[in-house]
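Beneath this line is the structure, given in structure tokens, with notes to follow.
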Amino acid sequence: MSSSLRFETRAIRAGQPPCPATGAIVTPIYATTNYQFESLDREGGGYEYSRVQNPTRKAAEECLASLEGANHAFLFASGMAAESAVFGLLSSGDHVVCIRDVYGGTISLLKMLQKHHGIETTYVDCAQISEVEAAFRPNTRLLWLESPTNPLTYVIDLRSLCALGKRHGAWVAVDNTFATPYLQNPLSWGADFVVHSATKYLGGHSDLTAGAVALNDATLADAIWDQQAIAGGILSPFEAWLTLRGMKTLAIRMRAHQENAIAVARFLAEHPKIERVLYPGLPDHPQHLLAKEQMRGFGGMVCAFVKGGREETKRFCEGTRLFLLASSLGGVESLIGYPLIMSHSGLTEEERHLREIADNMVRLSVGIEHVDDLIEDLDQALKGS
Ligand SMILES: *Cc1c(COP(=O)(O)O)cnc(C)c1O
């Protein structure tokens, strides 16, 4: 598919030609384990066995590769399986430099790598480039980044950090789950790997679990292909099909998410019961200008601090009716989360302090319902908090 076509067009067409046998315009779910060999000298149609390759998965992979501006993309059974594939390229004794505000599951995975393979990680504040630079060791093999961060929505300078990683001879991986390829393509800044939890915005409807790795380098792509086909954490044909269907509407969903998110952020910022709001699209966000320069929009995640403490925050979270109290993000429905008690409950007080996880902080995944209904819902919940 021509890369000169625009994002919206590629999302609907890349990797998805009509079926040559039937003319079906939607890629079928190839629920088959094996494929017939034409003879002992030739496999039929390039497929042999569904762990190794599946046409539905391939269509979704080609589509995502096109959206990320990547030469290759690989779909996995979850975002964590995708991350495991990248970390699986490390060897015992390697060292990782990782953004401090990283997704919690990544911290758990890095703990496992340390325990079983002696791979150590240094967590750094990526807003301080000198701190990142100082963390590099001769054996640093991978710099792991995420922007905007969870749950604070901080934005880091991905272009400079990719260059820094390269200067030190390390691979750079960017978890692009929050931004999505609609808002930024880190490979274009020199990242070696882009990783997604497709469970979130790519799927977009909170009805699947999936992950992806996108990349350009052919040798690294072979290594990730091994991780997928040999380690075997593949995405099923049905979920590949759901991912493909989700990606078709990624652009219009992201536009709707961020249109609602800015309205919600502005409403909360002016509300007397809210102390502070963090949303990259607000002019008082600490990296608003960087976000404006780096991203093609500001996304659908909003972080807010309720006036008061745990009691008030708890009442707010439990008082919303449309915003459902749930972890995860990126679906069409709005969710509210309380990181202190939900996503970040496993951290010690000190770790929470370091990561600025406050007692009065809530995270909103703003959906695409009518914005007036969302604002009325937050307003009524704040009346009770
Ligand atoms: C959810 C998430 C993951 C993990 O993805 P799963 O699909 O749940 O395995 C990784 N990174 C980020 C930023 C996430 O939000």
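All values derive from a computational prediction rather than experimental measurement. Order of listing sets the numbers, starting from 1, for every ligand and every atom in it. Heads up: numbering here begins at 1 and tracks the sequence.
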Checking Gln228 against Glu61: is there a side-chain donor and acceptor pair closer than 3.5 Å? yes

I need the Glu376 CD to Arg321 CZ distance, nearest 0.5 Å. 11.0 Å

Rounded to the nearest 0.5 angstrom, the OG1-CD distance for Thr122 and Glu131 is 10.0 Å

Phe178: which residues meet the ring pair (Phe, Tyr, Trp, His ring centres under 6.0 Å) condition with it, sequence neighbours left out? none

May I have the list of side-chain donor-acceptor pairs in residues 208-215 shorter than 3.5 Å, sequence neighbours left out?
none

Once side-chain hydrogen bond (donor to acceptor under 3.5 Å, both in side chains) is applied, do any residues pair with Asp175, and if so which ones, sequence neighbours excluded? Thr177

List ligand 1's nitrogen or oxygen atoms that come under 3.5 Å of a protein nitrogen or oxygen, with the partner atom and distance.
| unit_1 | atom_1 | unit_2 | atom_2 | d |
| --- | --- | --- | --- | --- |
| ligand 1 | 5 (O) | Ser197 | OG | 3.0 |
| ligand 1 | 7 (O) | Gly79 | N | 2.9 |
| ligand 1 | 7 (O) | Ser197 | OG | 2.8 |
| ligand 1 | 7 (O) | Thr199 | OG1 | 2.6 |
| ligand 1 | 9 (O) | Gly79 | N | 3.0 |
| ligand 1 | 9 (O) | Met80 | N | 2.9 |
| ligand 1 | 11 (N) | Asp175 | OD2 | 2.6 |
| ligand 1 | 15 (O) | Lys200 | NZ | 2.7 |

